[in-house]
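These notes concern the structure reproduced below.
Note that this is a predicted model, so its numbers are computed, not measured.
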Amino acid sequence: MTTTLFRNLRLWDGKADALAEGLEVLVEDGRIKEVADRPIGSAAARLVECGGRTLMPGLIDAHVHAYGVDADLGRLDRLPRSLQALRAAERLKQSLQRGFTTLRDAGGADWGLAIAVETGLIAAPRLFYPGRALSPTGGHGDMRPNVFLEQFCGCCAPTQAIAVIADGVDEVRKAVRGELKRGAHAIKIMASGGVASPSDPIYALQYSDEEIACAVWEASAWRSYVLAHAYTPESIHRAVRLGVHSIEHANLIDAPTAAFMAEKGAFAVPTLVTYEALEDEGDSLGLPPESMRKLAEVKGAGLGSLEILSRAGVRMGFGTDLLAEMHRRQSDEFTIRRQVLPAADVLRSATSINAALLGKEGELGVIAPGALADLILVEGDPLADIGVLTGQGERIPFVMKGGEALIDRLNR
């Protein structure tokens with residue numbers, strides 16, 4: 001590992017409300033060695049002259065679908081897995097260019113893709129993944145045409161790119177154990193209806209108390225946790241009551257449910273950019289008409305849900321949930337949230353709060369001694385203009401992961 005010294009920078013550490021001036025940062029052996037308000041001497045260090053740019057932690061997106069390469073998820077299983085993997089690798093590389101150094105997949109990514117990232121076969125963000133999401137028959141992960149329902153059991157059904165069908169406590173237990181055996185860092189379940197699935201209404205409750213409790217127990221036995229797709233207050237409340245750690249989307253949440261989440265210490269991961277993208281492009285990209293109709297039920301409540309969650313003190317992570325070509329909009333989530341939240345809150349959601357969600361508090365999402373050296377340099381001040389983070393990384397000329405500069409356009 002090389003030693004790197006960052007000089008002449010403005011620093012945002014992942015937690016503060018303002019930028020800091022007059023600091024230098026030393027990286028050694030993949031971690032941040034020192035943050036000092038005086039010149040740091042290191043004869044062996046490569047000097048990165050930052051030119052007044054903002055040095056900040058690498059961004060974290062806690063809700064992506066690496067294999068979500070088609071807007072119609074029912075078509076994914078018609079694609080060869082090898083082709084899906086190649087497209088997934090490209091999506092990961094594009095996220096890195098936008099300054100994302102860590103991603104949490106929310107259903108679909110597997111241990112093979114994770115190994116490719118860990119071994120450097122592809123230049124990509126760190127990848128946390130739950131394997132396939134668990135769905136009951138007819139739930140948000142069941143993309144089968146109705147004609148297939150009696151031809152295949154859940155374990156053999158041709159809907160395995162993003163989710164696996166598991167009904168009843170025994171099937172849920174086996175499915176959870178299988179995903180954990182394959183390296184899943186967490187378990188994803190479907191707790192309410194969703195937009196992309198063809199048949200389940202948004203209000204539908206998915207999985208019984210016993211099934212959810214089983215998933216939570218099995219995950220906690222591995223010192224892991226459960227994240228749940230859920231929109232409505234009822235689905236969110238029961239998931240949190242049963243021990244779910246992270247609620248995905250939460251568009252239709254109300255104030256009492258948000259207060260309950262805060263009391264229990266559960267996280268929320270809103271994903272507002274995907275609804276704008278689906279409204280603009282979903283029809284042309286093949287999203288089924290049923291899904292376009294359901295989209296209207298949740299999109300309008302998105303910004304209000306941020307205000308409700310914020311007032312209750314719920315820790316909000318940053319997620320995007322974009323499919324197909326819409327993935328290019330990943331960083332637009334920043335400007336959408338900025339409409340109702342302070343810039344510092346939005347930035348914390350994509351750094352230190354997401355790190356806490358992942359169980360990596362103090363190791364990811366911050367610039368502090370001992371933290372992993374996942375760092376980006378940004379043209380401009382994202383606290384004054386969060387839009388500098390949007391686009392395809394044009395204003396992010398330097399991206400470091402684990403002390404290694406994976407993108408460096410500073411000398412061009």
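Centroid-to-centroid, the aromatic rings of H185 and Y129 stay 6.0 Å apart or farther. A ring-centre distance under 6.0 Å is found for F398 and F6.
Counting only N and O atoms by type, the side chains of S305 and N251 include no donor and acceptor under 3.5 Å apart. At a cut-off of 3.5 Å, with distance as the only test, a side-chain donor of E248 or S246 sits close to an acceptor on the other residue. With hydrogens and angles left out, the side-chain atoms of S284 and E281 include no donor and acceptor closer than 3.5 Å.
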Check the pair L55 / I367 against side chain to side chain contact (heavy atoms under 4.5 Å, CB included), numbers first and verdict last.
CA-CA 9 Å; L55 183 71; I367 297 179; 4.0 Å; yes
Would you check, one step at a time, whether the test side chain to side chain contact (heavy atoms under 4.5 Å, CB included) holds for T2 with E404?
CA-CA 8 Å; T2 59; E404 181 181 1; over 6 Å; no
Assess the residue pair S95 and Q330 against the criterion (side-chain hydrogen bond (donor to acceptor under 3.5 Å, both in side chains)); give the C-alpha distance rounded to whole Å, side-chain angles, the decisive distance to 0.1 Å, and a yes or no.
CA-CA 8 Å; S95 289; Q330 186 175 26; 3.0 Å; yes
Tell me, with the steps shown, if D142 and S199 meet side chain to side chain contact (heavy atoms under 4.5 Å, CB included).
CA-CA 9 Å; D142 189 349; S199 56; over 6 Å; no
Applying salt bridge (Lys or Arg N to Asp or Glu O under 4.0 Å), run through R81 and D110 and close with a yes or a no.
CA-CA 11 Å; R81 192 65 165 175; D110 57 12; 3.5 Å; yes
Between Q392 and R328, is a side-chain hydrogen bond (donor to acceptor under 3.5 Å, both in side chains) present by the stated rule, with each step listed?
CA-CA 7 Å; Q392 308 309 312; R328 73 186 185 282; over 6 Å; no
Run the side-chain hydrogen bond (donor to acceptor under 3.5 Å, both in side chains) check on D381 and T54 step by step: do they pass?
CA-CA 6 Å; D381 177 356; T54 300; 5.1 Å; no
Determine whether F260 and R241 satisfy the following criterion, side chain to side chain contact (heavy atoms under 4.5 Å, CB included), listing intermediate values before the conclusion.
CA-CA 9 Å; F260 182 68; R241 172 173 57 81; 4.0 Å; yes
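Nearest heavy atoms, A368 versus V35: CA-CG2, 4.4 Å. For the residue pair I247 and A230, the shortest heavy atom distance occurs at CG2-O, 4.0 Å. The minimum heavy-atom distance between A133 and M190, with the atom names listed, is CB-CE, 3.7 Å. Minimum interatomic distance between V216 and V244 (heavy atoms only, all atoms of both residues): CG2-N, 4.0 Å. Among all heavy-atom pairs drawn from L5 and R7, the shortest one is CD2-NH2, 3.2 Å. Scanning all heavy atoms of the two residues, the minimum distance from L92 to A66 falls at CD2-CB, 4.3 Å.
Formation of a donor-acceptor pair under 3.5 Å by the H245 side chain with backbone atoms of A266 is not found in this model. Proximity of a side-chain donor or acceptor of Q84 to a complementary backbone N or O of L76 within less than 3.5 Å is detected. Put simply, the side chain of R104 never gets that close to the backbone of N354: no donor and acceptor are under 3.5 Å apart. Counting only distance, with no hydrogens or angles, the side chain of S331 and the backbone of L389 share a donor-acceptor pair below 3.5 Å. Of the possible polar contacts, one joining the K294 side chain to the S197 backbone as a donor-acceptor pair under 3.5 Å is found. Side chain of D345 to backbone of R348: no donor-acceptor contact under 3.5 angstrom is found. With S352 contributing its side chain and G14 its backbone, the two residues share a donor-acceptor pair below 3.5 Å. The main-chain N or O of R223 is never found under 3.5 Å from a side-chain atom of S220 such that the two would form a donor-acceptor pair. For T274 (side chain) and T271 (main-chain N/O), no donor-acceptor pair under 3.5 Å exists by modelled atom type. Checking side-chain atoms of K188 against main-chain N and O of A106 turns up a donor-acceptor pair under 3.5 Å.
Atom CD of E90 has more than 12 neighbouring heavy atoms from other residues, nucleotides or ligands inside a 6.0 Å radius. Atom CD of E363 has more than 12 neighbouring heavy atoms from other residues, nucleotides or ligands inside a 6.0 Å radius. Within 6.0 Å of atom NZ in K15, 12 or fewer heavy atoms from other residues, nucleotides or ligands are found, so the atom counts as exposed in its surroundings.
Salt-bridge check for E333 with R337: passed, with a basic side-chain N closer than 4.0 Å to an acidic carboxylate O. A salt bridge links D408 with R46: the distance from a Lys NZ or Arg NE/NH1/NH2 to an Asp or Glu carboxylate oxygen falls below 4.0 Å. Ion pair R329/D332 not flagged as a salt bridge, since none of the NZ, NE, NH1 or NH2 atoms sits closer than 4.0 Å to an Asp/Glu carboxylate oxygen. Classification of E171 and K174 as a salt-bridged pair fails, no side-chain N sitting under 4.0 Å from a carboxylate O.
The residue from L285, L287, V273 that alone fulfils the side chain to side chain contact (heavy atoms under 4.5 Å, CB included) condition with L278 is L287.
Annotation: side chain to side chain donor-acceptor pair (under 3.5 Å) contacts involving residues 119-128, sequence neighbours excluded, comprise R126-D374.
How far CG of D209 is from CG of L242: 4.5 Å, rounded to the nearest 0.5 Å. Taken to the nearest 0.5 Å, the CH2 atom of W111 stands 11.5 Å off from the CD atom of E118. Annotation: the span from Q206 atom CD to I189 atom CD1 amounts to 9.5 Å, rounded to 0.5 Å. The distance from atom CG of L375 to atom OG1 of T101, rounded to the nearest 0.5 Å, is 8.0 Å. Note that NE2 of H327 is 5.0 Å distant from CZ of R91, once rounded to the nearest 0.5 Å. We find the CD-CZ distance between E379 and R395 to be 9.5 Å, quoted to the nearest 0.5 Å.
Between L252 and Y203 the shortest side-chain heavy-atom distance does not fall below 4.5 Å. When side chains are defined from C-beta on, H65 counts as touching D321, because their heavy atoms get closer than 4.5 Å. With a 4.5 Å cut-off on side-chain heavy atoms, V164 and S135 do not count as touching. R132 places none of its side-chain heavy atoms less than 4.5 Å from the side chain of I162. Annotation: side chain of E276 is in contact with side chain of K299 (closest heavy-atom distance under 4.5 Å). The shortest side-chain heavy-atom distance between W12 and T351 falls under the 4.5 Å cut-off. Between I236 and M261 the shortest side-chain heavy-atom distance falls below 4.5 Å. Residues R10 and M56 are not in side-chain contact: their nearest non-hydrogen atoms beyond the backbone lie 4.5 Å or more apart.
Between H63 and H249, the two ring planes are tilted [angle within 30° to 60°].
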Report all side-chain donor-acceptor pairs from residues 309-320 shorter than 3.5 Å, counting only partners two or more places apart or in another chain.
{"from": "R315", "atom 1": "NH2", "to": "G265", "atom 2": "O", "distance (Å)": "3.3"}
{"from": "T320", "atom 1": "OG1", "to": "D61", "atom 2": "OD2", "distance (Å)": "2.5"}

